[in-house]
Amino acid sequence: MYEINDWVVIVGCVINDLGRRSSVNFTVAKIIEVGIDDLIVKPNRSFSCLPLFVSKNSCRKIPVDDIDVTNDLRKPQIGDLVLYYHAKWSGETERTVGYVLEMKYDPGRPREALVLTDGENKWLEYNKLLVLELPIKGVK
């Protein structure tokens, strides 16, 4: 199942006396040696490149060859139900759901979409919209 040069995600956490997990963390690493039950991996970190000995049971293979990295994001269109998601530097997030009514193309400025949300129309940044549903064919 595991081979040299495969990529894995290693899961770590804190387990309390009731068996509950908290402080879950993940490390991505490349396999450099394979044993019966364990692996030697090189973490994909900038601050440490020392190899780690890890149990195969704490890892999951990442099928990088099966992942299509060439796909573009779905571009919102008029009529789509979208989620506007904006993470601010303060750590707060602004989220709202609504329908795209219009698109604004203004040379030299980022594209915007007019979204009907909570009974009002708001111009929102196009690149911060996630398409949730497409309009039903034949319904306008």
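FYI, side chains are in, hydrogens and waters are out, and symmetry mates aren't considered; it's all heavy atoms of this structure.
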Going hydrophobic residue to hydrophobic residue with side-chain gaps under 4.5 angstrom, can you get from Leu39 over to Val9?
no

Pick one: which of Leu132, Val115, Leu130 meets side-chain contact (heavy atoms from CB on, under 4.5 Å) with Val82?
Val115

Show me the side-chain donor-acceptor pairs of residues 88-103 shorter than 3.5 Å, one per line, residues at least two apart or across chains.
| residue | atom | partner | partner atom | Å |
| --- | --- | --- | --- | --- |
| Ser90 | OG | Glu92 | N | 3.4 |
| Thr96 | OG1 | Thr117 | OG1 | 2.6 |

Point-to-point distance, once rounded to the nearest 0.5 Å, from CG of Leu114 to CG of Asn121:
4.5 Å

Taking distance alone, no hydrogens or angles, what donor-acceptor pairs closer than 3.5 Å link side-chain atoms of residues 10-25 to residues at least two apart or in another chain?
| residue | atom | partner | partner atom | Å |
| --- | --- | --- | --- | --- |
| Asn16 | OD1 | Leu18 | N | 2.9 |
| Asn16 | OD1 | Gly19 | N | 3.1 |
| Asn16 | OD1 | Arg20 | N | 3.0 |

For Lys42, give me all partners under side chain to side chain donor-acceptor pair (under 3.5 Å), at least two apart in sequence or on another chain.
none

Can you name the salt bridge (charged side-chain N to carboxylate O under 4.0 Å, His left out) partners of Lys122, sequence neighbours left out?
none

Measuring from Leu52:CG to Thr27:OG1, what's the distance to the nearest 0.5 Å?
7.5 Å

Do Leu83 and Leu81 sit in one hydrophobic cluster, given that two such residues count as connected whenever their side-chain heavy atoms are within less than 4.5 Å of each other, even indirectly?
yes

For Lys104, give me all partners under salt bridge (charged side-chain N to carboxylate O under 4.0 Å, His left out), at least two apart in sequence or on another chain.
Glu112

For the residue pair Lys128 and Tyr84, establish whether any side-chain heavy-atom pair is separated by less than 4.5 Å.
yes

May I have the list of side-chain donor-acceptor pairs in residues 56-79 shorter than 3.5 Å, sequence neighbours left out?
| residue | atom | partner | partner atom | Å |
| --- | --- | --- | --- | --- |
| Lys56 | NZ | Gly35 | O | 2.8 |
| Lys56 | NZ | Ile36 | O | 3.0 |
| Ser58 | OG | Ser55 | O | 2.9 |
| Lys61 | NZ | Asp6 | OD2 | 3.3 |
| Asp68 | OD1 | Thr70 | N | 2.9 |
| Asp68 | OD1 | Thr70 | OG1 | 2.5 |
| Gln77 | NE2 | Lys75 | O | 3.4 |

Report yes or no: do Trp7 and Phe26 belong to one cluster of Ile/Leu/Val/Met/Phe/Trp/Tyr joined by side chain heavy-atom distances under 4.5 Å?
yes

Is Leu124 linked to Tyr105 within one hydrophobic cluster, defined over Ile, Leu, Val, Met, Phe, Trp and Tyr using a side-chain heavy-atom separation of less than 4.5 Å?
yes

Closest heavy-atom pair, Val8 versus Val41, reported as atoms and distance to 0.1 Å, is CG2-CG1, 4.2 Å

Between Ile4 and Ile40, is there shared hydrophobic-cluster membership here, with clusters defined by ILVMFWY side-chain heavy atoms closer than 4.5 Å?
no

